[in-house]
Amino acid sequence: MTTVFAKDSHSRATIFVAFAMIYIVWGSTFFFIHKALAGFEPFLLGAVRFSTAGLLLLGWSAFKGYRIFDKSTILHAGLMGMLLLFVDNGIIIWVEQFMPSGLVAIMSASAAIWFIVLDKPNWKVNFRNLPIVIGLFMGFFGVVMLFGDRIAQAFDASERQTNIMGMTLLLIGALAWTIGSLYSKYFGKPKSGEKRNSTVSTAWQMLIAGIAFTVTAAARGEITNFQPANVPASAWWAIIYLIFMGSIVAYSSYIWLLQVRPATEVSTHTYVNPIVAVLLGAWFAHEAVTDSQIIALAVILASVLLINWDAYNLSSLFTKRRKRFTNLREKARIRATIRTSIPAPSGGKAMDTAKGEF
């Protein structure tokens, strides 16, 4: 009995730590990208981060005896790595050169909107679902609020143009993330009899994205201009954190949680990551957070909640409460009916009088 309890306690602790990784670590990566950019140019940062993480994961896969060189796995991982890591994360790194990390995280959360717009096989279901349609309009409204806020904060035409370009690029990045995810959902599944290891696939995604970052950094002259001696210690620590915590630990925790917990429960990191990023940026990087940005964050997160209304089975909560209230009301009605149907005892008043006289 004691053994079973200890095993269960260890399992609960492991699940708690894994959720902390995808909640806090993924949310903090926006802040640490901002810190790393103090010493690394954007594409060189991506090259060092993803190439190192990919090689480490491939080494671990070889140590575990997994099959590394599989043509199907590499081709699939290559496309995923280009869309999810090189395009989306590349845009995030680039934009954080001139935009607050918290605002970048809020815009990244809008990827859930693109899933509804681009998931054509589910259009018929999604666009007939009232919570999803309301969530879709709310999400677009939140994005428009952020656009308006950044334009209003611009002091001149050049800054206004830079803000518009940054916000547009972030939408394109979220679009690339969505396309890559939908490709994985509909076309990237292993064929019958084909086996793929998720760790090996993730390693190739990171390594191929790292190669793309390296080629781009070399073409831009970022590698030849790099002076390691000029990189502050905080930037070195930030990129080490991004490699080990952001690209290896957090993602591994995410994959493990998908195996032991419901996917809808794991997806709740979407709501926590932007909040963590905004708080870290405000406290440690002194990033200004306007009231309109906070309202836009609340609107976008509420839209994501509505979009996932059926996935989280939230309707059942209201159904259960309504059913419980109906049952209580029915029981009260039955008790009232029983009380009124019981006849009063005959001669009761005479007996009371007699008792009083006695």
Side-chain angles (χ1 to χ4, degrees), residues 20-57 59 81 84-108 162-163 165-166 169-170 173 202-203 205-253 273-289:
M21 292 300 102
I22 67 170
Y23 279 176
I24 300 173
V25 172
W26 270 2
S28 66
T29 53
F30 295 92
F31 169 76
F32 282 99
I33 288 172
H34 175 77
K35 298 291 288 183
L37 283 170
F40 294 87
E41 293 192 68
F43 290 98
L44 180 60
L45 169 58
V48 174
R49 175 185 177 182
F50 292 112
S51 296
T52 305
L55 288 172
L56 288 174
L57 276 180
L84 301 182
L85 301 180
F86 180 67
V87 177
D88 182 47
N89 274 266
I91 287 175
I92 288 173
I93 296 171
W94 174 266
V95 171
E96 282 206 34
Q97 293 179 109
F98 51 86
M99 286 182 63
S101 59
L103 180 60
V104 173
I106 296 172
M107 286 294 293
S108 298
T162 301
N163 286 335
M165 180 187 69
L169 284 173
L170 288 173
T202 303
Q205 287 180 39
M206 292 183 182
L207 184 57
I208 291 171
I211 293 172
F213 273 109
T214 302
V215 171
T216 308
R220 287 172 44 84
E222 294 183 7
I223 296 177
T224 55
N225 296 333
F226 180 62
Q227 299 292 332
N230 297 332
V231 179
S234 59
W236 284 113
W237 284 114
I239 201 166
I240 290 172
Y241 179 90
L242 290 170
I243 291 170
F244 287 96
M245 299 300 294
S247 295
I248 296 178
V249 175
Y251 191 79
S252 299
S253 299
N273 291 165
I275 298 173
V276 172
V278 168
L279 293 177
L280 287 176
W283 287 343
F284 296 104
H286 306 291
E287 295 176 352
V289 182

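Computed from heavy atoms alone, side chains included, the values below leave out hydrogens, waters and symmetry copies.
Side chain of Ser51 to main chain of Val48: no donor-acceptor pair is present (N/O by atom type, distance under 3.5 Å, no hydrogens or angles). Looking at Glu222, its side chain does come within 3.5 Å of a backbone N or O of Phe43 through a donor-acceptor pair. Of the possible donor and acceptor atoms, none in the side chain of Thr52 sits under 3.5 Å from a partner among the backbone N and O of Arg49.
The heavy-atom pair separating Val231 from Gly39 by the smallest distance is CG2-O, 3.4 Å. For Ala47 against Thr214, the heavy-atom pair with the smallest separation is CB-OG1, 3.3 Å. In this structure, Leu242 and Ala36 approach most closely via the heavy-atom pair CD1-CB, 4.3 Å. Summarising the geometry of Leu84 relative to Asn89, their closest heavy-atom pair is O-ND2, 3.0 Å, with the distance given to 0.1 Å. When all heavy atoms of Gly81 and Ala209 are compared, the pair lying nearest together is O-CB, 3.6 Å. The two atoms that bring Phe30 and Ser108 nearest to each other are CE2-OG, 3.8 Å, heavy atoms only.
Distance CD1/Ile248 to CG/Leu57: 5.0 Å, rounded to 0.5 Å. Atom CH2 of Trp94 sits about 14.5 Å away from atom CD1 of Ile33, to the nearest 0.5 Å. With values rounded to the nearest 0.5 angstrom, Leu44 atom CG is found 10.0 Å from Asn225 atom CG. Here the CG atom belonging to Leu207 is positioned 11.0 Å from the CG atom belonging to Leu85, to the nearest 0.5 angstrom. To the nearest 0.5 angstrom, Ile91 atom CD1 is 9.5 Å from Phe86 atom CZ. Atom NZ of Lys35 sits about 12.5 Å away from atom CD of Glu96, to the nearest 0.5 Å.
Partners of Asn273 according to the side chain to side chain donor-acceptor pair (under 3.5 Å) rule, which considers only residues two or more places apart in sequence or in another chain, are His269. Take Glu287 and apply the side chain to side chain donor-acceptor pair (under 3.5 Å) test, not counting sequence neighbours, and it matches Ser101.
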Run the ring-ring contact (aromatic ring centres under 6.0 Å, His included) test on Phe40 and Phe226 for me, step by step, so that the C-alpha distance in whole Å, both residues' side-chain angles and the decisive distance to 0.1 Å come before the verdict. CA-CA 8 Å; Phe40 294 87; Phe226 180 62; 5.3 Å; yes
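When ring centroids are compared, Phe31 and Trp283 stay outside the 6.0 Å threshold.
Looking only at side-chain heavy atoms (C-beta outward), Ile239 and Leu45 come within less than 4.5 Å of each other. Residues Ser247 and Phe50 meet the side-chain proximity criterion, which asks for heavy atoms closer than 4.5 Å. Residues Pro228 and Trp236 meet the side-chain proximity criterion, which asks for heavy atoms closer than 4.5 Å. Under the 4.5 Å side-chain criterion, counting only non-hydrogen atoms from C-beta, Met245 is in contact with Met21.
Annotation: Leu56, atom CG; neighbour count of heavy atoms from other residues, nucleotides and ligands within 6.0 Å is above 12.
Between the side chains of Tyr241 and Ser28, a donor-acceptor pair is found at a separation under 3.5 Å.
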